[in-house]
Amino acid sequence: MLNHNMQHNWHPLKGQPLTEMDKRILAFQNRGKLCPTRDLIKTPEQIEGIRRAGVLNTAVLDMVAENIHAGMSTEDINQLVHNFTIEHGGTPAPLNYEGFPKSVCVSINDVVCHGIPAPDEILQEGDIVNVDTTTILDGFYADASRMFIIGRTTPEKERLVRVAKECLEVGMKEARPYCFVGDIGHAIAHHAHKNGFTIVRDLCGHGTGNHFHEEPDVEHYGRKGTGMLLVPGMVFTIEPMVNMGDWRVVVDEEDGWQVYTEDYKPSAQWEHTFLMTENGLEILTQ
Ligand code: MF3
Ligand code: CO
Ligand code: CO
């Protein structure tokens, strides 16, 4: 039986001289670090496909930004996202994904993520709302989410939304080629805690592009130098969920999807899909 690390071994291509990348990865691997498998490094053609999926996914979120308002239902957002995506040749990835019943996740206030749109759920003045869209185009995936403030909200909820965005930016800046997932998580958690907020631990970012969710897990907390080594050509999300109160969450027992804060205090999240390049991260969902 292979252990976890064996499965993650980096193998140079047989019969070919070691590349610079092989040498760098093998050096980490020999020190016991978790390294990517070759299939996590995208080809130029795959990157082009994911880039195009990213452009469409951004158009979907821009369309939501133009239309979101108090008084509409989360099901209205679902219809808008579904129709717009199809009209532009894409497929909304959430629909029927592991049984998810809708084309977008809409998560209001104390809903951390995976909010299921419903006709009787009406956006109210003062709500903070995460809209998370994932678009499939020609078989490639791009995943991103934004927060929307409905009308005016409290200064504290406004600050939560801002700090959550900063957490994504801090993580993004920390990510360099041949860094570790834990370097990103460490920086993100530090920024959240510095501002008096907490980081959700039960959900994480993820590799994406060829499938909805791939390796590695991208945790938004942790120790530097832990987690998977990140090398050029890898595509993954960073999507910190930042809570105003306690970090603990509960999953809705009835629907098995919607994630709430345990203390019913609000939560905020922003997400992008990134490509690791020789110079750091490129946002594919800008
Ligand atoms: N878009 C979410 C993420 O960022 C995943 C949603 S799964 C779904 O990973 F089924 F709820 F859509
Ligand atoms: Co994601
Ligand atoms: Co998402």
Side-chain angles (χ1 to χ4, degrees), residues 40 50 53-54 56-62 64-65 74-75 77-82 85-86 90-108 111-118 121 129-137 140-148 164-165 167-168 171-172 175 181 184-185 188 199-220 227-228 230 234-242 249-252 254-260 267-276 281 283-286:
L40 297 184
I50 302 164
L56 179 51
N57 197 63
T58 299
V60 175
L61 281 173
D62 288 345
V64 170
T74 51
E75 173 61 21
I77 298 175
N78 179 60
Q79 299 280 325
L80 287 171
V81 167
H82 185 88
T85 305
I86 301 288
T91 307
L95 186 59
N96 300 323
Y97 175 75
E98 293 186 4
F100 192 80
K102 298 287 177 174
S103 297
V104 59
C105 298
V106 183
S107 306
I108 304 176
V111 182
V112 174
C113 63
H114 304 166
I116 301 175
E121 186 176 47
V129 185
N130 176 273
V131 179
D132 189 340
T133 61
T134 309
T135 301
I136 313 172
L137 187 63
F140 296 104
Y141 290 73
D143 183 10
S145 80
R146 299 180 196 166
M147 293 300 295
F148 299 98
K165 190 174 193 188
C167 281
L168 175 56
M172 189 169 98
V181 164
I184 298 174
I188 288 173
I199 290 285
V200 173
R201 303 171 71 95
D202 300 22
L203 296 124
C204 52
H206 50 90
T208 191
N210 297 347
H211 310 278
F212 199 157
H213 294 116
E214 305 175 21
E215 291 190 277
D217 286 346
V218 179
E219 290 172 337
H220 305 108
M228 192 178 281
L230 297 171
M234 290 174 76
V235 173
F236 56 91
T237 74
I238 306 175
E239 49 182 299
M241 285 146 269
V242 181
V249 298
V250 287
V251 179
D252 192 307
E254 269 170 40
D255 60 47
W257 275 106
Q258 305 193 93
V259 178
Y260 298 84
S267 183
Q269 176 183 31
W270 295 76
E271 174 180 26
H272 274 310
T273 296
F274 298 98
L275 168 68
M276 180 59 83
L281 292 186
I283 306 176
L284 299 180
T285 46
Q286 182 82 280

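Being a predicted model, the structure only gives us computed values, none of them experimental. Every number for a ligand or one of its atoms is a count from 1 in the order of the listing.
- Between L230 and P216, the closest side-chain pair of non-hydrogen atoms falls below 4.5 Å.
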Chi angles and distances behind the side chain to side chain contact (heavy atoms under 4.5 Å, CB included) call for Q269, V200: CA-CA 10 Å; Q269 176 183 31; V200 173; over 6 Å; no
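- Side-chain contact between V235 and T208 is present, with heavy atoms from C-beta onward closer than 4.5 Å.
- Residues passing the salt bridge (charged side-chain N to carboxylate O under 4.0 Å, His left out) test with E219, sequence neighbours excluded: none.
- Residue contacts to the Co ion (ligand 2): H206 brings an N, O or S atom closer than 2.8 Å.
- Note: H213 and Y97 meet the aromatic proximity criterion, with ring centroids under 6.0 Å apart.
- In terms of the ring-ring contact (aromatic ring centres under 6.0 Å, His included) criterion, H82 has no residue partners (sequence neighbours excluded).
- Around the Co ion (ligand 3), protein atoms of type N, O or S found under 2.8 Å number 4.
- Looking at heavy atoms from C-beta onward, I50 lies out of side-chain contact with L275 at the 4.5 angstrom threshold.
- Contact residues for ligand 1 (protein heavy atom closer than 4.0 angstrom to any ligand atom): P94, Y97, F100, C105, H114, D132, T134, D143, H206, F212, H213, E239, W257, E271.
- Under the 4.5 Å side-chain criterion, counting only non-hydrogen atoms from C-beta, V181 is not in contact with F236.
- Side-chain atoms of H220 and E239 form no donor-acceptor pair, as typed in the model, at a separation below 3.5 Å.
- Counting only heavy atoms from C-beta outward, the side chains of V131 and L61 approach each other to under 4.5 Å.
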